[in-house]
Novice: 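Structure provided below as structure tokens; questions to follow.
Only this structure's heavy atoms are used, side chains among them; waters, hydrogens and symmetry mates stay out.
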Amino acid sequence: MVVSSTVPGMTVGQVVADDDILHLPADSLAVVLLASGQVVKLAGPYDGKAAPTASAKDDGPKTVLLENWQQPDLSSLGGARGQLLPRIPPLDATTAVVVDAGHSATWCIAPKTPLSLAAPGQAPARLDLEDGASGARASIAWPPATGPQPWPPQLAPRDGSSIMARWDGSQAVQMLHFQVLDADQGNTSARLIRWWRAGCRTQLEPQLRALGAQMAPFALYLSTDRGRTPRYAIGEPVDLVVQANRASFLYCFILQDGQVRSVFPGASGRMRLPDQTEIHIAADRLPLDITAPPPRLAELRCYAVAGQAAETAQLALPAGSGGDQSGSQLDRLFASLANVQVAQAHLTVRTD
């Protein structure tokens, strides 16, 4: 199962079969959980299976045990600035589950898993619950209730239970499905994969993303619709492909003829980038001039700034020419940001 990726089209939670051949382009990375309890760190260019073989080369996939995921060895992927996320305990039978009845979802629990209901976003509110099979009902009102509430004992979920949830007497119904699985068999990795396959994705996604953030450095992948070493004829559009493994803000710049120009319009000069998601930026959003006579070279530099601190990061974006030092000036500009993580990628576009 993929827990972190900058590979276009490869997302968190994607299940990879043992015999699947993965294709990682240059400068991309992925972190995959194996059912054996190993964590495999892949760095592109790579074409092969996720599980390493006895004959794997020294520069092939690297593995660590999931039990050691709090102290990962990231040397095979290179360093990255910034702090890792706080410790997130592996999900097991003793981990309390807080059910959000505000949307339909499937929840995986063990027979003795502590279960509660999340409080509504705002009060007053009333939640009506009904077991579709037995007809048992329960209601909770905020107030007098405050905060999360214990799961009603008369609606104790069984394997395959479906509980109908209605807020404030509305006709809109949210379906809460439950899978009661034995959490004591297999290791943590196998359990996560089994629960994901059971449909408990809303429940597990935060766990997988936190695990991926611990195991992989913050990274940004940048390419074009023609790959990372593209060649274009005069006047052809240049479409970009980006993917980061953290939610972030993306800044991109064109370096051409001694000028530095921001790709994105507006004072902020940036766009919001979701994590683990392949994003295409159409050519009509780029100020890249490819109408001059050949030969013509343009460098594209992109920087992703992760985390909530990116909202308040103050950047004095370049507005004029930078000569041969433009790229270095941009690097220093983003390196000067305090208490934020920054990932960088660049490529050269050639026009013939």
Novice: Quick one, Leu211 with Val31, criterion side chain to side chain contact (heavy atoms under 4.5 Å, CB included). Give me CA distance, side-chain angles, the key distance, then yes/no.
Specialist: CA-CA 10 Å; Leu211 177 57; Val31 177; over 6 Å; no
Novice: Say whether, by atom type as modelled, one donor and one acceptor occur between the side chain of Gln243 and the main chain of Val7 under 3.5 angstrom.
Specialist: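 Side chain of Gln243 to backbone of Val7, a donor-acceptor pair under 3.5 Å: yes, one is there.
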Novice: Got a second to check how far Ile140's CD1 is from Leu117's CG, nearest 0.5 Å?
Specialist: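 Here the interatomic distance stands at 5.0 Å.
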Novice: So Val260 and Gln329, do their side chains get closer than 4.5 Å, heavy atoms only?
Specialist: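 The answer is no; the side chains never approach within 4.5 Å.
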Novice: When you measure from the centre of the six-membered ring of Phe249, is the NZ or CZ of Arg270 under 6.0 Å away and within 45° of the axis?
Specialist: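 Relative to the ring axis of Phe249, which defines the angle, Arg270 lies inside both limits.
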Novice: Got a sec, which residues hit side chain to side chain contact (heavy atoms under 4.5 Å, CB included) with Ser170, two or more places apart in sequence or on another chain?
Specialist: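 Checked Ser170 against side chain to side chain contact (heavy atoms under 4.5 Å, CB included); matches are Ala172.
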Novice: How would you list, by chain and number, every residue that makes a side-chain hydrogen bond (donor to acceptor under 3.5 Å, both in side chains) with Arg166, sequence neighbours excluded?
Specialist: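 Listed in chain order: nothing, the list is empty.
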Novice: Enter the distance from His346:NE2 to Phe253:CZ here, rounded to the nearest 0.5 Å.
Specialist: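 Between atom NE2 of His346 and atom CZ of Phe253 there are 14.5 Å.
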Novice: Keeping to residues at least two apart or across chains, list the ring-ring contact (aromatic ring centres under 6.0 Å, His included) pairs with something in residues 111-146.
Specialist: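 Sorted result for residues 111-146: Trp142-Trp167.
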Novice: Taking side chain to side chain contact (heavy atoms under 4.5 Å, CB included) as the definition, give me every residue that meets it alongside Pro150, ordered by chain and number, with sequence neighbours left out.
Specialist: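 Checked Pro150 against side chain to side chain contact (heavy atoms under 4.5 Å, CB included); zero matches.
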Novice: Among all residues two or more places apart in sequence or in another chain, which pass the side-chain hydrogen bond (donor to acceptor under 3.5 Å, both in side chains) test with Asp225?
Specialist: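 For Asp225 the side-chain hydrogen bond (donor to acceptor under 3.5 Å, both in side chains) partners, ignoring immediate neighbours, are Tyr232.
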Novice: Backbone N or O of Ser5 within a donor-acceptor pair of the Gln276 side chain at under 3.5 Å?
Specialist: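 Answer holds: yes.
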Novice: Is there a side chain to side chain contact (heavy atoms under 4.5 Å, CB included) between Leu250 and Ile281? Walk through the geometry before answering.
Specialist: CA-CA 11 Å; Leu250 180 68; Ile281 303 173; 4.2 Å; yes
Novice: Report the distance from atom CD1 of Ile193 to atom CG of Leu208, rounding to the nearest 0.5 Å.
Specialist: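 Answer rounded to 0.5 Å: 9.5 Å.
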Novice: Checking Asp331 against Arg301 for the side chain to side chain contact (heavy atoms under 4.5 Å, CB included) test, could you report, in this order, the C-alpha distance in whole Å, the side-chain angles of both residues, the deciding distance, and whether it holds?
Specialist: CA-CA 9 Å; Asp331 290 347; Arg301 283 182 176 249; 3.0 Å; yes
Novice: Answer yes or no: is there a donor N or O on one side and an acceptor on the other, between the side chain of Asp128 and the main chain of Ser139, under 3.5 Å?
Specialist: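 Here the side-chain-to-backbone pair does not exist.
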Novice: Using the rule that two of Ile, Leu, Val, Met, Phe, Trp, Tyr join whenever any of their side-chain heavy atoms come within less than 4.5 Å, decide whether Val98 and Ile109 are in one cluster.
Specialist: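 No: no chain of side-chain contacts under 4.5 Å links Val98 to Ile109.
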Novice: Under 4.5 Å between any side-chain heavy atoms of Ile279 and Met271, yes or no?
Specialist: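 Counting from C-beta outward, Ile279 and Met271 do come under 4.5 Å.
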Novice: What is the minimum heavy-atom distance between His103 and Asp100, and which atoms define it?
Specialist: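 Looking at all heavy atoms of both residues, the closest pair is CE1-OD2, 3.3 Å.
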Novice: If you compare all heavy atoms of Ala216 against all heavy atoms of Asn245, which two are closest, and at what distance to 0.1 Å?
Specialist: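 For Ala216 versus Asn245, the nearest heavy atoms are CB-ND2, 4.1 Å.
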Novice: Please report the shortest heavy-atom distance between Ala165 and Leu129, naming the atom on each side.
Specialist: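 Taking Ala165 first and Leu129 second, the nearest heavy atoms are CB-CD2, 3.7 Å.
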Novice: Check the angle between the aromatic planes of Trp151 and Phe178 and answer parallel, tilted or perpendicular using the 30° and 60° thresholds.
Specialist: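 Answer is perpendicular, since the angle exceeds 60°.
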Novice: Enumerate the residue pairs fulfilling disulfide bond (SG atoms under 2.5 Å apart) with a member in residues 224-256, sequence neighbours excluded, ordered by first and then second residue.
Specialist: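 Sorted result for residues 224-256: Cys252-Cys302.
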Novice: Has the side chain of Thr277 got a donor or acceptor atom that lies under 3.5 Å from a matching backbone atom of Asp275?
Specialist: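 Present.
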Novice: Closer than 3.5 angstrom, by distance alone: can the side chain of Ser104 be matched with the main-chain N or O of Met175 as a donor-acceptor pair?
Specialist: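 Pair found, side chain donor or acceptor close to backbone of Met175.
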Novice: At their closest point, which heavy atom of Ala244 faces which heavy atom of Phe218, and how far apart are they?
Specialist: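 That closest heavy-atom pairing would be CB-CE1, 4.4 Å.
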Novice: So, using ring-ring contact (aromatic ring centres under 6.0 Å, His included) as the criterion, who are the partners of Trp196 when residues are at least two apart?
Specialist: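 Counting only residues at least two positions away or on another chain, Trp196 forms no ring-ring contact (aromatic ring centres under 6.0 Å, His included).
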Novice: Where is the tightest heavy-atom contact between His177 and Ser162, given as atom of each residue plus distance?
Specialist: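 In terms of heavy atoms, the two residues are closest at ND1-OG, 2.8 Å.
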Novice: Could you state whether Met164 and Leu127 fall into the same hydrophobic cluster, counting links through intermediate Ile, Leu, Val, Met, Phe, Trp or Tyr residues with side-chain heavy atoms under 4.5 angstrom apart?
Specialist: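 As far as the 4.5 Å side-chain criterion goes, Leu127 and Met164 are not connected within one cluster.
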Novice: Do the side chains of Leu255 and Leu330 get nearer than 4.5 Å, heavy atoms only?
Specialist: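 A side-chain contact under 4.5 Å exists here.
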Novice: May I ask you to decide if Cys108's main-chain N or O and Gln203's side chain share a donor-acceptor pair within less than 3.5 Å?
Specialist: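 Such a contact is found between Gln203 side chain and Cys108 backbone.
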Novice: Does the pair Ile254 and Leu300 meet the rule for a side chain to side chain contact (heavy atoms under 4.5 Å, CB included), with working shown?
Specialist: CA-CA 5 Å; Ile254 299 293; Leu300 178 69; 3.4 Å; yes
Novice: Is there a donor-acceptor contact under 3.5 Å from the side chain of Thr6 to the main chain of Leu29?
Specialist: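 Flag set: sc Thr6 to bb Leu29 pair under 3.5 Å.
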Novice: Can you tell me how far CG of Asp27 sits from CG of Leu347, rounded to the nearest 0.5 angstrom?
Specialist: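 Reported value, rounded in 0.5 Å steps: 9.5 Å.
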Novice: How about Arg197: does its CZ atom have over 12 heavy atoms from other parts shown lying under 6.0 Å from it?
Specialist: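 Open: at most 12 neighbouring heavy atoms sit under 6.0 Å from CZ of Arg197.
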Novice: Of the non-hydrogen atoms in Thr224 and Pro230, which two are nearest, and what is the gap between them?
Specialist: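 Taking every non-hydrogen atom into account, OG1-CB, 3.4 Å.
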Novice: When rounded to the nearest 0.5 angstrom, what is the spacing between CG in Leu220 and CZ in Arg246?
Specialist: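 Going from CG on Leu220 over to CZ on Arg246, the span is 12.0 Å.
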Novice: Once side-chain hydrogen bond (donor to acceptor under 3.5 Å, both in side chains) is applied, do any residues pair with Gln179, and if so which ones, sequence neighbours excluded?
Specialist: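 side-chain hydrogen bond (donor to acceptor under 3.5 Å, both in side chains) check on Gln179 returns nothing, list empty.
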Novice: Considering residues at least two apart in sequence or located in another chain, which fulfil the side-chain hydrogen bond (donor to acceptor under 3.5 Å, both in side chains) criterion with Arg137?
Specialist: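 Listed in chain order: nothing, the list is empty.
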Novice: Would you be so kind as to tabulate the donor-acceptor pairs closer than 3.5 Å made by side chains of residues 8-22, with sequence neighbours excluded?
Specialist:
{"from": "Gln14", "atom 1": "OE1", "to": "Thr11", "atom 2": "N", "distance (Å)": "3.3"}
{"from": "Asp20", "atom 1": "OD2", "to": "Ala17", "atom 2": "N", "distance (Å)": "3.0"}

Novice: Using the rule that two of Ile, Leu, Val, Met, Phe, Trp, Tyr join whenever any of their side-chain heavy atoms come within less than 4.5 Å, decide whether Leu176 and Val180 are in one cluster.
Specialist: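 Linked, Leu176 and Val180 end up in one cluster.
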Novice: How long is the straight-line distance from CZ of Arg231 back to CZ of Arg226, given to the nearest 0.5 Å?
Specialist: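 One finds 11.0 Å between CZ of Arg226 and CZ of Arg231.
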Novice: What pairs of residues pass the ring-ring contact (aromatic ring centres under 6.0 Å, His included) test when at least one of them lies in residues 21-45, not counting sequence neighbours?
Specialist: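 Not a single pair qualifies under ring-ring contact (aromatic ring centres under 6.0 Å, His included).
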Novice: Donor-acceptor check, side chain of Asp131 to backbone of Leu155, threshold 3.5 angstrom: yes or no?
Specialist: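 Here the side-chain-to-backbone pair does not exist.
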Novice: State, yes or no, whether a side-chain contact exists between Ile163 and Val99 at a heavy-atom distance under 4.5 Å.
Specialist: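 Side chain of Ile163 against side chain of Val99, heavy atoms only: no contact under 4.5 Å found.
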Novice: Does the side chain of Val242 come within less than 4.5 Å of Tyr221's, by heavy atoms?
Specialist: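 The answer is no, as the side chains (C-beta and beyond) never meet within the 4.5 Å cut-off.
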Novice: Identify, with sequence neighbours excluded, every residue that meets side chain to side chain contact (heavy atoms under 4.5 Å, CB included) alongside His280.
Specialist: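 Per chain and number, His280 pairs via side chain to side chain contact (heavy atoms under 4.5 Å, CB included) with Val241, Glu278.
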